[in-house]
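Report on the structure given below.
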Amino acid sequence: MCGRFALGVSRKRLEELIGASVPAKYEPSWNVAPGAWIPARTQKGCAMLLWGLVPYWIKDKVSGNRMGVRIMNARCETAFDKPAFREPMRRSRCLIPAEAFYEWQRRGRVKYPHAIAHASGRLLWFAGICDRWTDSGSGEVLRSCCILTTRANELMAPIHDRMPVIVREGYRDLWLDHSVTEADWFGRVFAPLPAERLKVWPVSCGVNKIGLDGPELLKRVSGQPRQGSSL
DNA sequence: CCAGACGTTGTT
DNA sequence: GTCTGG
DNA sequence: CCAGACGTTGTT
DNA sequence: GTCTGG
């Protein structure tokens, strides 16, 4: 799954990588959590979206907060059928850039955080969906998103059984193009990224602490070797 | 028909 | 808005 | 995802 | 245990 990630690149660098102008609201962070404003590539450009999908049909802000901030992920296997995801899957897909994502490996009652990044050092692009909710009272518009998940590949399996959908370069335009509807294509997009394209390493529990931030969160720590890896 | 949910994760 | 459960 | 709270009364 | 806040 994907409940925390890092995107510590400068705004200028992100603009180069995303190929669009990034709103000034963007700030680098190595501890991005649900509820944060995150940059996303849409068909139109780059927008800052609330991580935690608030469907357009939500009636009021209270239920929006209840429902929205909690929906940080959507299972790719069922997203086309779920009321909250159906329309966004069809017409508002996006790509969410990250340098790495964090997963916690549970061993008994202890949880060990790991970072996972592209083996090449390039950014990861998560498959996301977004929606636009309007406050009926104030007219305020809230744009929000969530990240699709798929089954873990062999690298991730010892740590966790789910991982984010990472869209490979050749499929990114396809994912953003909402004239594309063939299920066959999405099957390819949703396939877990092959293990050899990712790298994983243990990090400190500093990432657990909301509000703690900085590049040091991505530093490898020793003494917590992961177990059961087939690689 | 109306009322109520609408999601994921993990854990047991 | 749209689906499911009663 | 993790951390941290976890209440009541009445009124609009 | 379960919800909210970040």
Side-chain angles (χ1 to χ4, degrees), chain A residues 1-7 25 27-38 48-92 96 98-117 124 126-137 141-142 144-152 156-166 190 192 200 202-214 217-218 224:
Chain A
M1 64 93 59
C2 186
R4 209 74 77 81
F5 67 87
L7 182 61
K25 192 177 182 176
E27 283 186 20
S29 172
W30 291 263
N31 199 351
V32 182
W37 291 92
I38 60 175
M48 297 298 289
L49 308 176
L50 180 72
W51 183 12
L53 194 76
V54 180
Y56 70 98
W57 40 260
I58 284 293
K59 287 170 196 72
D60 53 72
K61 210 157 194 175
V62 176
S63 44
N65 288 337
R66 269 182 163 276
M67 279 225 34
V69 171
R70 305 183 69 79
I71 306 181
M72 55 187 180
N73 294 140
R75 297 176 64 90
C76 72
E77 297 91 336
T78 53
F80 275 110
D81 307 318
K82 301 280 184 181
F85 304 144
R86 218 187 113 176
E87 286 309 304
M89 285 292 280
R90 275 143 51 80
R91 30 175 206 255
S92 35
I96 294 158
E99 279 177 273
F101 61 98
Y102 301 103
E103 293 285 6
W104 282 258
Q105 181 187 44
R106 303 178 95 97
R107 284 187 230 148
R109 54 178 55 169
V110 190
K111 286 184 273 190
Y112 298 95
H114 291 72
I116 301 94
L124 304 168
F126 301 141
I129 49 178
C130 43
D131 210 338
R132 191 183 288 258
W133 173 82
T134 306
D135 187 315
S136 53
V141 170
L142 174 66
S144 61
C145 64
C146 69
I147 295 168
L148 299 196
T149 63
T150 187
R151 64 177 198 279
M156 291 303 302
I159 296 170
H160 203 72
D161 63 342
R162 305 287 298 171
M163 60 181 267
V165 172
I166 297 158
F190 296 160
V200 55
V203 296
S204 84
C205 288
V207 68
N208 293 13
K209 189 102 184 157
I210 300 298
L212 192 64
D213 208 340
L217 294 180
L218 279 179
Q224 299 170 3

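All chains are named by letter (A, B, ...) in the order of the sequence lines, taking the proteins before the strands, and each is independently numbered beginning at 1. For clarity, every value in this text was computed on a predicted model and none was experimentally measured.
Separating the CD1 atom of I159(A) from the C1' atom of dT9(B) is a distance of 16 Å, rounded to the nearest angstrom. A straight line from CZ of F85(A) to C1' of dC6(B) spans 9 Å, rounded to a whole angstrom. Note: CD (E77(A)) to C1' (dT8(B)) measures 12 Å, nearest angstrom. One can place CZ of R91(A) at 12 Å from P of dG1(C), the figure rounded to the nearest angstrom. As a whole-Å value, the separation of K59(A) NZ from dA3(B) P is 12 Å. Rounded to a whole Å, the CG atom of L7(A) is 21 Å from the P atom of dC1(D). Atom CH2 of W104(A) is separated from atom C1' of dC2(D) by 6 Å (rounded to the nearest Å). Between the NZ atom of K82(A) and the P atom of dT8(B) there is a distance of 5 Å, given to the nearest Å.
Distances shown here put a side-chain N or O of T149(A) below 4.0 Å from the OP1 or OP2 atom of dT9(B). In this model, the phosphate group of dG4(D) is approached by a side-chain N or O of K209(A) to a distance below 4.0 Å at OP1 or OP2. The phosphate of dT9(B) (OP1 or OP2) has a side-chain N or O of R162(A) nearer than 4.0 angstrom. Phosphate contact (OP1/OP2 of dA3(D), side-chain N/O of N208(A), threshold under 4.0 Å): present.
With sequence neighbours excluded, the residues that form a side-chain contact (heavy atoms from CB on, under 4.5 Å) with A98(A) are F5(A), F126(A). Scored by the ring pair (Phe, Tyr, Trp, His ring centres under 6.0 Å) test, Y102(A) finds no partners at all (sequence neighbours excluded). Among residues two or more places apart in sequence or in another chain, the side chain to side chain donor-acceptor pair (under 3.5 Å) test is passed with W37(A) by none. Under the ring pair (Phe, Tyr, Trp, His ring centres under 6.0 Å) criterion, Y56(A) pairs with no residue, sequence neighbours left out. Scanning for side chain to side chain donor-acceptor pair (under 3.5 Å) contacts around S29(A) gives D213(A), with sequence neighbours left out. For V110(A), the side-chain contact (heavy atoms from CB on, under 4.5 Å) partners at least two apart in sequence or on another chain are Y112(A).
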Could I get a table of every N or O pair under 3.5 Å where one atom is in the protein and the other is in nucleotides 4-6 of chain C?
none

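As judged by a 4.0 angstrom heavy-atom cut-off over every strand, T78(A) is placed among residues touching the sugar-phosphate backbone only. Using a 4.0 Å heavy-atom distance criterion, D131(A) is classed as making no nucleic acid contact. Looking at heavy-atom distances under 4.0 Å, A36(A) makes no contact with the nucleic acid at all.
Exactly one of L50(A), I38(A), D131(A) qualifies for a side-chain contact (heavy atoms from CB on, under 4.5 Å) with C145(A). That residue is I38(A).
Put simply, the side chain of T134(A) never gets that close to the backbone of S136(A): no donor and acceptor are under 3.5 Å apart. Remark: side-chain polar atoms of S92(A) are paired, donor with acceptor, to backbone N or O of C130(A) under 3.5 angstrom.
In DNA chain B, runs of at least 3 consecutive Watson-Crick or G-U pairs, each pair with both distances below 3.5 Å, span B:1-6 with C:1-6.
Checking dC1(D), dT8(B), dG7(B) against the side-chain heavy atoms of N73(A) singles out dT8(B) as nearest.
Among pairs with a residue in residues 77-89 of chain A, those fulfilling salt bridge (charged side-chain N to carboxylate O under 4.0 Å, His left out) read E77(A)-R162(A), E87(A)-R90(A), E87(A)-R91(A), at least two apart in sequence or across chains.
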